[in-house]
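Each chain gets a letter, A, B and so on, in the order the sequences are listed, and its residues count up from 1.
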Number of protein chains: 2
Amino acid sequence: MTLRNLQYIKHTLAGHGLKVTHQRMVIYQVLQDTDTHPAAEGIYEKIKKIIPSISLGTIYKTLEVFVEKGLIKRINTSEGNMRYDARMDNHNHIYCTNTKEIIDFKDEELEMLIRDFLKRKKIGNFNLKEFRLHISGEKIDPGKHIEIT
Amino acid sequence: MTLRNLQYIKHTLAGHGLKVTHQRMVIYQVLQDTDTHPAAEGIYEKIKKIIPSISLGTIYKTLEVFVEKGLIKRINTSEGNMRYDARMDNHNHIYCTNTKEIIDFKDEELEMLIRDFLKRKKIGNFNLKEFRLHISGEKIDPGKHIEIT
DNA sequence: TCTTCGTTGATAATAATTATTATTTAATTT
DNA sequence: AAATTAAATAATAATTATTATCAACGAAGA
Ligand SMILES: [Mn+2]
Ligand SMILES: [Mn+2]
Ligand SMILES: [Zn+2]
Ligand SMILES: [Zn+2]
């Protein structure tokens with residue numbers, strides 16, 4: 001968490017109409033440094049190490065505000081809880097049904113392929129906001145990483 | 001609910017290793033006749049009209065069992081509850097963020113496009129089960145239907 | 001520095017789902 | 001067909017995830 005980073009985070013929060021608080025900065029920073037799509041509880045555990053006095057309610061509230069302001073995304077799983085994604089560029093997700101991991105998967109070609117398809121295939125009475133491909137399956141070796149080639 | 005249908009449902013349940021009960025038959029039939037991807041509560045309301053004595057717990061348990069046995073699918077929403085889909089062929093979903101509707105969208109070309117792409121793009125250490133495109137946005141006129149052309 | 005108003009932490013409330021258990025029902029054995 | 005066994009259901013309690021409330025606090029502008 002360098003000084004330059006700190007300034008950037010302040011600027012980002014303020015730029016989205018949010019009052020800059022210590023809690024918000026730390027939560028946003030931690031989300032930025034995470035690519036595992038954690039749930040509120042998991043985020044809480046991480047933040048507690050930095051701000052031991054933080055309340056779980058503040059985590060929930062802050063996540064909600066961030067989503068509302070378009071700073072992060074809330075993502076859906078087949079499990080009973082919400083998970084969060086600080087990555088805001090268009091990308092897809094690979095779901096591992098046994099480890100519950102959500103792995104990012106970005107591919108320009110796929111992006112174009114689908115965008116092109118949807119442009120041809122007109123959906124009437126509908127204002128399309130975004131699309132995402134959900135790929136699901138199981139890691140073969142849960143200890144190792146998934147690798148895309 | 002014709003007799004032929006009834007026999008077919010019995011056969012389907014038994015064929016998936018399930019004991020055939022009145023509750024299960026009615027729940028399965030109702031799910032088959034629905035394309036709105038209802039939540040447990042909504043299914044409960046429908047079933048109560050047919051079996052007034054049914055318990056909400058039975059709905060939850062039955063849905064869980066059906067998912068487990070591969071008779072239906074559990075689907076994810078950005079809201080805090082699960083929804084269910086009796087349609088088992090590969091298809092995609094359009095999410096309307098204001099009406100909370102989930103609309104089926106099947107297209108062979110899109111299917112092939114993505115399948116082809118994923119065949120080329122190898123995902124290592126991962127056993128792919130399925131993929132689905134989540135399209136989200138808002139209905140322009142919430143009273144009218146979405147139409148795909 | 002003072003004032004204002006949004007934010008936080010503590011806690012209570014709600015919604016969705018899962019667990020428990022006695023009772024009922026279906027399937028299997030006699 | 002009656003008795004036996006095993007599984008499913010209904011009623012209810014418990015848990016989990018999330019949201020709401022509210023007094024105390026802190027950021028930011030006057
Ligand atoms: Mn159907
Ligand atoms: Mn929930
Ligand atoms: Zn992501
Ligand atoms: Zn569907």
May I ask you to say whether B/Asp104 pairs ionically with B/Arg87, meaning some side-chain N is under 4.0 Å from a carboxylate O?
yes
For atom CD of A/Glu64 and atom C1' of D/dA17, their distance in whole Å
14 Å
In whole angstroms, how far is the P atom of C/dT17 from the CD1 atom of B/Ile43?
10 Å
Answer with yes or no whether the side chains of B/Gln32 and B/Tyr28 bring together a donor and an acceptor at under 3.5 Å.
yes
Mind checking if B/Arg83 touches a base, just sugar-phosphate, or nothing, with heavy atoms under 4.0 Å?
nothing
Applying side-chain hydrogen bond (donor to acceptor under 3.5 Å, both in side chains), run through A/Thr34 and A/Lys46 and close with a yes or a no.
CA-CA 10 Å; A/Thr34 309; A/Lys46 281 192 183 182; 3.3 Å; yes
Give a yes or no on this: more than 12 heavy atoms of other residues, nucleotides or ligands lie within 6.0 Å of atom NZ of A/Lys73.
yes
Assess, by modelled atom type and distance only, whether the side chains of A/Glu101 and A/Thr99 contain a donor and an acceptor separated by less than 3.5 Å.
yes
Write down the distance between OH (B/Tyr44) and C1' (C/dT17), rounded to a whole number of angstrom.
14 Å
Nearest-angstrom distance from the residue atom CG of B/Asn81 to P of D/dT19:
12 Å
Where do N or O atoms of nucleotides 8-14 of chain D meet protein N or O atoms at under 3.5 Å, pair by pair?
| residue | atom | partner | partner atom | Å |
| --- | --- | --- | --- | --- |
| D/dA8 | OP1 | B/Arg24 | NH1 | 3.1 |
| D/dA8 | OP1 | B/Arg24 | NH2 | 3.0 |
| D/dT9 | OP1 | B/Thr21 | OG1 | 2.7 |
| D/dT9 | O3' | B/Gln23 | NE2 | 2.9 |
| D/dA10 | OP1 | B/Gln23 | NE2 | 3.3 |
| D/dA10 | OP2 | B/Ser55 | N | 3.3 |
| D/dA10 | OP2 | B/Thr58 | OG1 | 2.8 |

Any salt bridge between A/Asp89 and A/Lys106, counting N to O under 4.0 Å?
yes
Where each residue is assigned the nucleotide of DNA chain C containing its nearest heavy atom, which of B/Arg74 and B/Val20 is assigned the position nearer the 5′ end?
B/Arg74
Go through the steps to decide whether A/Leu71 and A/Leu18 satisfy the test side chain to side chain contact (heavy atoms under 4.5 Å, CB included), and finish with yes or no.
CA-CA 11 Å; A/Leu71 278 165; A/Leu18 294 175; 3.7 Å; yes
So, OP1 or OP2 of C/dT17: does either fall under 4.0 Å of a side-chain N or O from B/Tyr60?
yes
Let me know the distance between CG of A/Asn76 and P of D/dA17, rounded to the nearest Å.
17 Å
Does the distance from a Lys or Arg side-chain N to an Asp or Glu carboxylate O, for B/Glu109 and A/Arg120, drop under 4.0 Å?
yes
In whole Å, what is the span from the CD1 atom of A/Ile59 to the C1' atom of D/dT19?
15 Å
What about B/Phe131 and A/His134, are their ring centers closer than 6.0 Å?
no
Please give, in whole Å, the distance from C/dT17 C1' to A/Met82 CE?
13 Å
With each end axis built from five pairs of C1' atoms, what bend angle do you get for the helix from C/dT1-D/dA30 to C/dT30-D/dA1? Round to 10°.
30°
